[in-house]
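Data first, discussion second: the structure below is written as structure tokens.
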There are 2 protein chains.
Amino acid sequence: MVVAMLCQLKFAAAHVLSYKADAMLTKKINSNTIRRINAARVFHGIHKQPGISPRGLSKITGIDLATISIILTTLEQDGVVLRRTEAPTGRSGRPNSTLFINEASGVLAGVAVEVEEIHIVLSSFSGARLGSLRVPGSLSQEAAAAAIKNGILALLRQVGIPRKRLAGVGVGVPGLVGLDGRIALAPALDWHDADLAGVLTAGLGVAVHLENDIKAAAIAEHIFGSCQHTADFVYVSGRSGVGGGLYLGGAIYRGPHGLAGEVGHMKLVPHGRSCACGAHGCFEAYVSEHAILKCLAEAGESARDIPSVRAAALEGNEVVLRTLEEAGRHLGLGLANLANLLAPSSIILGGGMAALAEFLLPACRPEFEANTLAEIRCAMTIALSALQEFAIPMGGIAIALQHFLEEPGAIRA
Amino acid sequence: MVVAMLCQLKFAAAHVLSYKADAMLTKKINSNTIRRINAARVFHGIHKQPGISPRGLSKITGIDLATISIILTTLEQDGVVLRRTEAPTGRSGRPNSTLFINEASGVLAGVAVEVEEIHIVLSSFSGARLGSLRVPGSLSQEAAAAAIKNGILALLRQVGIPRKRLAGVGVGVPGLVGLDGRIALAPALDWHDADLAGVLTAGLGVAVHLENDIKAAAIAEHIFGSCQHTADFVYVSGRSGVGGGLYLGGAIYRGPHGLAGEVGHMKLVPHGRSCACGAHGCFEAYVSEHAILKCLAEAGESARDIPSVRAAALEGNEVVLRTLEEAGRHLGLGLANLANLLAPSSIILGGGMAALAEFLLPACRPEFEANTLAEIRCAMTIALSALQEFAIPMGGIAIALQHFLEEPGAIRA
DNA sequence: CCATAATTATTTTAGCCTCTAATAAATATG
DNA sequence: CATATTTATTAGAGGCTAAAATAATTATGG
């Protein structure tokens, strides 16, 4: 009850412009900034609630109706927003205008670069998938850039949309991405200081943004997936390892060097299973896809990949079930640590964890509940990724969308 | 090297006005907002760099000199800022004006409410302690409010400063504080829904803000202590338990219900030592002040409090040293988890951990280093609280200062 | 069925406030 | 006294808000 009450107080306390002393001692704020932000807010409001009226926008944004009106005029002129008149509703009075993002005005591309393959998705502004494409991975930076460019162009042709309507691209890579969203360091791909964003921006003539794959997936869950109304959640997923996207206070938290979120290396068991990082007892040594496959191999039940593990579990294979139960317990413990520390509104499981959830969660939940403070546990949920294997490319699209929403140049294009 | 490079990129990427979609869909931005923020930035700049010139302020804030000039005029009229002319420096040209916070214009009060006692500190705007006072604790909410009020008034009399020059009060309490900074839930004090801030605001006629004690201490480290130029750090301290202040991206992270930061209940050892929370193997069951005293008691070396533990350790008491070594190892493990997850610039130890640091750290460091990812470890430090037993009340002062800096009403007062 | 009133929604207008850039003023050095 | 440096002032442009005006409906009454 107290929690609910405290929750209500949130918006009263939240400062719109968070005055972060250090970060803010550097850049200027002027009326242009205001307009840009307000335009973005209007656009975002329409995106979030298609069919909203100008008055409704004024209500949820707090922006005066007159201002909304002016902003809408420019957005309509730019062809980014469409307005229709609502059919008579029986109420007396002039009917609402209803506002929509003009889906015809542009498309976004999202890319997941993985070791095995590159996954490219084309979508409308509202996140409707228009087409997707997978090409083999394991490429040099240059080859990957070319493959991505060609893939996007091929998809555009396939869907019959002219190249200049591409409004932005976002790329998720398995590695460290600089805080400017350009340079990537991806050991798994053997990329070092790879300015993929720069190369692609030049090649495609449109803004391209890089992001760590798991963080991208987290953003996707926020914009398109199961956390659309949640400002504080943790996304946990991964392949060989386990990564985390810490969505804190309405944005991904990257930490001072972009290194934050290495949930896979939380230590669960002193002197436990050895991990690729050189330490022992890491979370990912128990619950990553590779770890599960390895545990199975050790137990004499080799499996090729997660789908085959799932199949074996569905068939009732005892060894597989026991192994997954064990992984589930460790999963519960790891999630408990996350919950205790960050008290998010929810924890979202992606990748193999989501695929195997029905076998992991029965053991995970009790362990999680036993190890999480009651106040925190009661105010949160554990859920599965809504986007599944599209999480990372949709993350790219979400990032492209966010940048599009925030950059006036793009809106005015 | 890459880390250093990525670090440089930070400011290019950081948006001044972080467009946090959800949080921002509610409040309005207008030119007033700009002025308020700019005034706060100017004040903050002077506070951070006393003696700075208007031109210097313009440079670090990016605000035009004309705007700076106007803001300074009002700040001077309000008596909050002083301006002096620099003595001739040998350089040619008109000498700088130098700007200072007018220390005489107001004082701030910070309060630490603990179970045993209430600690009240009076300070100038620049954080210079003018006086402090300790009164017995264990009070009802009403009694505590009265004690705090009387204590502050007594200190003001003692220092000879009229009551109306009190510009703000911040209070750290051991418990959950609502996100509006008013209502506190403090089981240790047996307070429930205690609107201490409201009562005190009414009683003192000045803005009073509540904060969790550890979070307050973290803010104090940022404003006055060892993290003045660090936007991302974790403060770890506590008495009976272990709390954490997560300072992320230039502000305390509270989480959706204000519950974030319970570092004390990270699980370090499956089925480990039992904790007051009902679970086993919690961080605080190994390293809190109470835990250390309990471990010593179990080892047959009862100690009354942390100073006496320290004395015994200094005398070379083997049992005490071994116990602290053991605690240090667990401390290292817990800090490694924090580091891996959040990759902060530094972790600051306060309270008993700081007092016993010389005995804890030798065992802590190797454990920490073995369990933290190299990239993260290399980009961070572990340090001790610079404020020691004044951390919490100074945190109250820091909070009062922050609010004072951000609220135009206060500046215009 | 038509005209008018009532209701609700949006746009325009006027006013105020902010930031910026250009201009003017002030001060110390050589 | 001329010059360089720093600060103050003054239009000018753009943004937001409140209030008035306009627009598009439905209800009502003849």
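Any value given below was found using the heavy atoms of this structure, including those in side chains, with hydrogens, waters and symmetry copies removed. A note on names: the letters A, B, ... follow the listed sequences, proteins ahead of strands, and every chain is numbered from 1.
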Atom pair distance, as rounded to whole Å: CD1 in Ile52(B) and C1' in dT6(D): 15 Å

Give me the ring orientation class for Phe43(A) and Phe125(A): parallel if the planes are under 30° apart, tilted from 30 to 60°, perpendicular past 60°. perpendicular

How long is the straight-line distance from CG of Leu82(A) back to OG1 of Thr98(A), given to the nearest 0.5 Å? 9.5 Å

Could you check whether Thr85(A) gets within reach of a base, just the sugar-phosphate, or nothing at all, counting any heavy atom under 4.0 Å? sugar-phosphate

Taking for Thr67(B) and for Glu76(A) the nucleotide of DNA chain C with the nearest heavy atom, the one nearer the 5' end belongs to Glu76(A)

Under 4.0 angstrom between Arg36(A) side-chain N/O and dG14(D) OP1 or OP2: no

Check: Tyr253(A) ring centroid to Tyr253(B) ring centroid under 6.0 Å: no

Ignoring backbone atoms, test whether Ser69(A) places a side-chain nitrogen or oxygen under 4.0 Å from the OP1 or OP2 oxygen of dT10(C). no

Starting from C1' on dT20(C), measure out to CG on Asn32(A) and report it in whole angstrom. 11 Å

All N/O pairs under 3.5 Å across the protein-nucleotides 6-8 of chain C interface:
residue : atom : partner  : partner atom : Å
dT8(C)  : O2   : Arg94(A) : N            : 3.1

Sequence-distant partners of Ala216(B), side chain to side chain contact (heavy atoms under 4.5 Å, CB included), two or more places apart: Glu211(B), Ile399(B)

Qualifying residues under ring-ring contact (aromatic ring centres under 6.0 Å, His included), relative to Phe224(A), sequence neighbours excluded: none

Assert: residue with more 5' nearest nucleotide on DNA chain D, out of Ser31(A) and Ala66(A), is Ser31(A)

Could you state the CG-P distance from Leu72(B) to dT9(D), rounded to the nearest angstrom? 12 Å

Heavy atoms only, 4.0 Å cut-off, all strands: where does Leu65(A) land among base, sugar-phosphate and nothing? base

Apply the side-chain contact (heavy atoms from CB on, under 4.5 Å) test between Arg83(A) and each candidate in Asn102(A), Leu99(A), Ile46(A); give the one that qualifies. Leu99(A)

Rounded distance (Å) that lies between atom C1' of dT10(C) and atom CD1 of Ile63(A): 16 Å

Atom-pair distance (CZ on Arg35(A); P on dA13(D)), nearest Å: 17 Å

What class does the angle between the rings of Tyr247(B) and Phe233(B) fall in, given that below 30° is parallel, 30 to 60° is tilted and above 60° is perpendicular? parallel

Gap between atoms CD1 and C1', on Ile70(B) and dT20(C) respectively (whole Å): 10 Å

When rounded to whole Å, the CZ to C1' distance for the pair Arg83(B) and dA8(D) reads 10 Å

Measure from CG on Asp64(A) to C1' on dG15(C) and round the result to the nearest Å. 14 Å

Categorize Ser97(A) for me: base, sugar-phosphate, or nothing, with a 4.0 angstrom heavy-atom threshold over every strand shown. sugar-phosphate

Does dC19(C) have OP1 or OP2 under 4.0 Å away from a side-chain N or O of Asn38(B)? yes

